[in-house]
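What you are looking at is a predicted structure, and each value in this text was computed from that prediction instead of being measured. In the text below, chain A, chain B and the rest are named by the order of the sequence lines, each starting its count at 1.
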Amino acid sequence: MQFSELALYLEKLEKTSSRLEITRILSELFEATTSAEVDKIVYLSLGILAPNYEGVLLNLAEKMMIRTLALAFNKSADEVKSLYKKSGDLGDTAEELSQSTVHPSQFTVTDVYEKLLDIAKDNGEGSQERKIEMTSSLLKNLDSLSVRFVARIPVGKLRLGFSEKTIIEALGISDTEYNIYPDIGHIAYLTKTNNLKNIKPKIGVPVVPMLAARLNSTTEMVAKMGQVSVEPKFDGLRIFIHFKRKDNIVKIFTRNMNSIPLETFPELLGVGKFIKAEEVILDSEAIGIDPTSPRLRGAGVFLDFQKTIQRRRKHNIKKTAGEIPLQFQIFDVLLLNGKSLINEPYINRRMELEKIIIGGSLLRVDENTVTKDPEIIKEMHKKYLKMGLEGVVVKKANGKYVSGRTGWNWVKMKEEEGQSGRLSDTLDCIVMGYFTGKGKRAQFGLGKILVGIKDGDVIRTLTKVGTGLTEAMLVEIKNRLNKLQSKEKPKEYEAQKDLIPDVWAVPSLVIEVTADSISKSTKHSLGLSLRFPRFLRIREDKGAGDATTLGELIWWPYFSAKYGLAFVGLLLPASLIQFFVNREVSRYTAITGKGIWSGFLSLGKYFTYPLFLLCFVNFLWLGGYASAGGTALFELTRFPLSFSDRGGTLFWSYILIIGFSGIFLFSKIIYKSLENFMKVVSAITVLGLIFSAFQPEVRVFAGEFFKYFFNPLSIRWPTTWEASDSSHLVTAIAFAGMGGFLNLLYSYWMKDKGVGMAKYTSKVKGLLIKEEEEVEEEKDLVFADTEENKIMWKGWIKFLNFDSLLAVTINAITAGLTTLLAFAILFPKGIFPTGWKITVVQAQFFESSLGYWGRILFLLVASAFMIDTWVGLTDGVARQFADFTYKVRKLGKSFRFWYYFWLGFLILTSLITITLAQPGVLITIIGVISIFAFVLYIPALWYLNYIKLPQEYPVFIKPKKWESVTLLLTWIFYLAIAAGYLWTVF
DNA sequence: GATGTCTGCCCC
DNA sequence: ATTCTGC
DNA sequence: GCAGAATGGGCAGACATC
């Protein structure tokens, strides 16, 4: 096959992301290949020349390829470099350069393969220059598409989206043969020539190693694996020992199936003395031992990994072997005297192992404990950590030897719960600059960052970080650093010359990094570095500190800003469940035409008076909403100029409260006015939120967010938790819909909407609107048991179901979207404003992404939404209170009187409460009260609607049994939350 | 001979 | 090695 | 949950350069 033809296949594969489709294209390619070439095609498309264990190395990679391209296409190395930085892929760069000239391609796949092999074979003095020349002449004689792929091979990054596993699938075979004969080219050849037969592990041919997956819960381990063997995890080199007594054959392979010459580990020359078998393949971990330490029954003190790996060398072996003797911790046997054991249960393999290994200072069989008890696993993990090991590896007792990491067979312990790395503390580091990304990350212009910490007056490098960054975070960090970038290295920085980032940044941005351990470093100017560093989050001053905190628009964003997605899955169920409360509240009013407090009062004053008292306390804080609207307006206008934040907020809040009180004076039917205003503002708010959610900076977070949003099972307890947030969480759940006593407002809204029997009662009118006829008292309306009424009733029920559902849905959408915004905008920055300042912070974001007008729009809508909420609640609560006081006969006065009385009272309290410096505590109490309110009044609703009313009203109003069940479940839900809250508090 | 740079389907 | 992402 | 592709520190070896 011409290489150019292969290149066409590779191009198609590169463009495809579906693995099924990739597999299909690959099998098409193998179909079109001769058996003489299939191995070479497989190797080249994986970017290799031979299986790993044959040790064929090109010794030509990134830097030399840059020189090669410069030579081949007559450019300077700097020109090539700058193109490479842009594309992030040397193959793409090579293709781009080669397009300037026409090169007819004559090479077959075999030609290219052999030329690359020649390049690999060359070594010795002058070989670097020769390799460059050979590679350059190869590239010059290929068409530009072929150049793209050939240039990528030495760099080892084909980026075609497939690897051995996919090739095995494309060949239409299982991986059993490959796993014990991991020469993918040869396997492809055998498949093509129909010679693939069942084989067994062979001395001298590595087996694809079995790897451990990671879990952080021992319970989950037992759940997934049942009975397990618990063993220590050593920090050394994974070594496979192949031994055949005949001819004293000893071969050694690493985890990556690289062969290590026996001379490297001379102690294994005589390994046969310690093995009671003719032929074995052993799986082990080699660890360096401190030779000066006393040996207890042969066992020594382990050295760390950096010491151990010094044994992987060609020179000075004798001296190093004396300084760092190796101990081989054996834990598995795959072949024994000609018999494959890979399909035997693990404990059986171990039993064989114990029979054949003579333990001493060279070989030791790992100790192990067989158990089903998660607690024992936990204890052993702690024990081994204390001993300076890496914890435990937990293995399914009856598991076969399964190559790779598939399935749950071997598991290592992820960090302990409550920790995000094995380092006891995470580190806050200064971002010193960034490097442009390679491959997929090139499009973000940032692939990794250089971080350091302050050391006196200078800032020294500590590590680079590239893992742990989501694509959204790459964008975020890039944007931030662009504002901080510096042409020159800031003078307080100290960095060695191979750690010069592509772009410097002045010290400002701080990120949180975790790692497994701290190591000594010669590369980093601090003299220390991190082992397995990973990015956690951006750190920022905790920002806005005002303690004022409000209902559902604040708490959910607060949680997602602080704890990410941990509780997001709870929002939807918590808001939807309020549907069952709302419809019962509405049902009562639809049947009787009366407000819900009338119903409660009919149950007796000992129940109702305390409940009302709770309700009264609950609504003292209404002013907060007005104050949130005021904040937004002050932020928007910055008027009056000399005012502080607090003063400005108060100024605008008073204006809003006084201005919007006009509605109460002049509206014809107050509820109707409010409803219309609310409709407009809600529509603008929802549209604004949706628009915001579609901004690219937010959109990149949306997929992840909604995956959690729609999955209640994703709820998890965050690893760090502030005790005070228990109350906040309860508050968030209560406020997911309306919350506690707020839900009772449905009764009064239904009343003024004129739903059901409420059609026949009077409505509340504005103070200055003359009543045409004073309806002093609601009569007990008669609801006759007629067929006509029955049909009407069905219509009402439909309406109130629809209305209640619509309300919770809109609530869930708005709360969901604001929470998404908080997750996208605030969480990455580590800001969790504890108050209504969240709107201000969001507005700042919109200014940077949408410009000035985006910010204005956002603040306007936010203030309108907030004040609208205040007006709506003030009206509703005044009616609740009025209904109560009106019905307590001895107080006298009309309903209208009481309504205006309470309206005045609430406006006054609003004016007062917004001046309180610390309303935070009060608000938390209210969240908790709300949950207990549900617990108290849901049974009362049930009694009214399911028992009491059916006795007085026509039989068709009686709810179905299943409706009783839904209400019971709702009650249990809140009861459980209330109980859980009490549990965590006490 | 000492030092610097690059590579390793390195090892973890 | 760890982590994220598309399937 | 899999497979693939981003990314880390630090070691020795090989070659180039001073």
Quick one: list whatever passes salt bridge (Lys or Arg N to Asp or Glu O under 4.0 Å) with Glu14(A), sequence neighbours left out.
Arg148(A), Arg152(A)
Should dG8(D) form a Watson-Crick or G-U wobble pair with both distances under 3.5 Å, which nucleotide is its partner?
dC12(B)
Closest-nucleotide 5' rank along DNA chain D - winner of Lys157(A) and Ile309(A)
Lys157(A)
Hey, can you tell me if Phe823(A) and Phe705(A) have their rings parallel, tilted or perpendicular (30° and 60° cut-offs)?
tilted
Can you name the one residue among Arg311(A), Lys307(A), His315(A), Arg313(A) that meets side chain to side chain donor-acceptor pair (under 3.5 Å) with Thr320(A)?
Arg313(A)
With a 4.0 Å cut-off on heavy atoms, is Leu160(A) in touch with a base, just the backbone sugar-phosphate, or nothing at all?
sugar-phosphate
Identify whether any heavy atom of Asn59(A) sits under 4.0 Å from a base atom; if not, whether one sits that close to sugar-phosphate; answer base, sugar-phosphate or nothing.
sugar-phosphate
With DNA chain B as reference, determine whether Lys233(A) or Glu62(A) sits nearer its 5' end, using the nearest nucleotide of each.
Glu62(A)
Pairwise P distance for dT7(B) and dT2(C), with rounding to whole Å
26 Å
Does a nitrogen or oxygen in the side chain of Lys440(A) sit under 4.0 Å from OP1 or OP2 of dA5(D)?
no
Once hydrogens and angles are ignored, does a donor-acceptor distance under 3.5 Å link the base of dT2(C) to the side chain of Thr467(A)?
yes
Look at all strands and tell whether Lys497(A) reaches a base, only sugar-phosphate, or nothing, counting heavy atoms closer than 4.0 Å.
sugar-phosphate
Ignoring backbone atoms, test whether Lys307(A) places a side-chain nitrogen or oxygen under 4.0 Å from the OP1 or OP2 oxygen of dA12(D).
no
For Asn123(A), answer base if it contacts any base atom (sugar-phosphate contacts may also be present), sugar-phosphate if it contacts only those atoms, and nothing otherwise; contact means non-hydrogen atoms under 4.0 Å.
sugar-phosphate
Can any side-chain N or O of Lys131(A) pair as donor or acceptor with the backbone N or O of Ile119(A) at less than 3.5 Å?
yes
Ignoring the backbone of Arg19(A), work out which of dA3(D), dT7(B), dC11(D) is nearest its side chain.
dA3(D)
If you look at every strand shown and take non-hydrogen atoms under 4.0 Å, does Lys224(A) touch a base, only sugar-phosphate, or nothing?
sugar-phosphate
Taking for each residue the nucleotide of DNA chain D with the nearest heavy atom, is it Gln128(A) or Ser521(A) whose nucleotide lies nearer the 5' end?
Ser521(A)
Separation between the C1' atoms of dT5(B) and dC4(C), rounded to whole Å:
32 Å
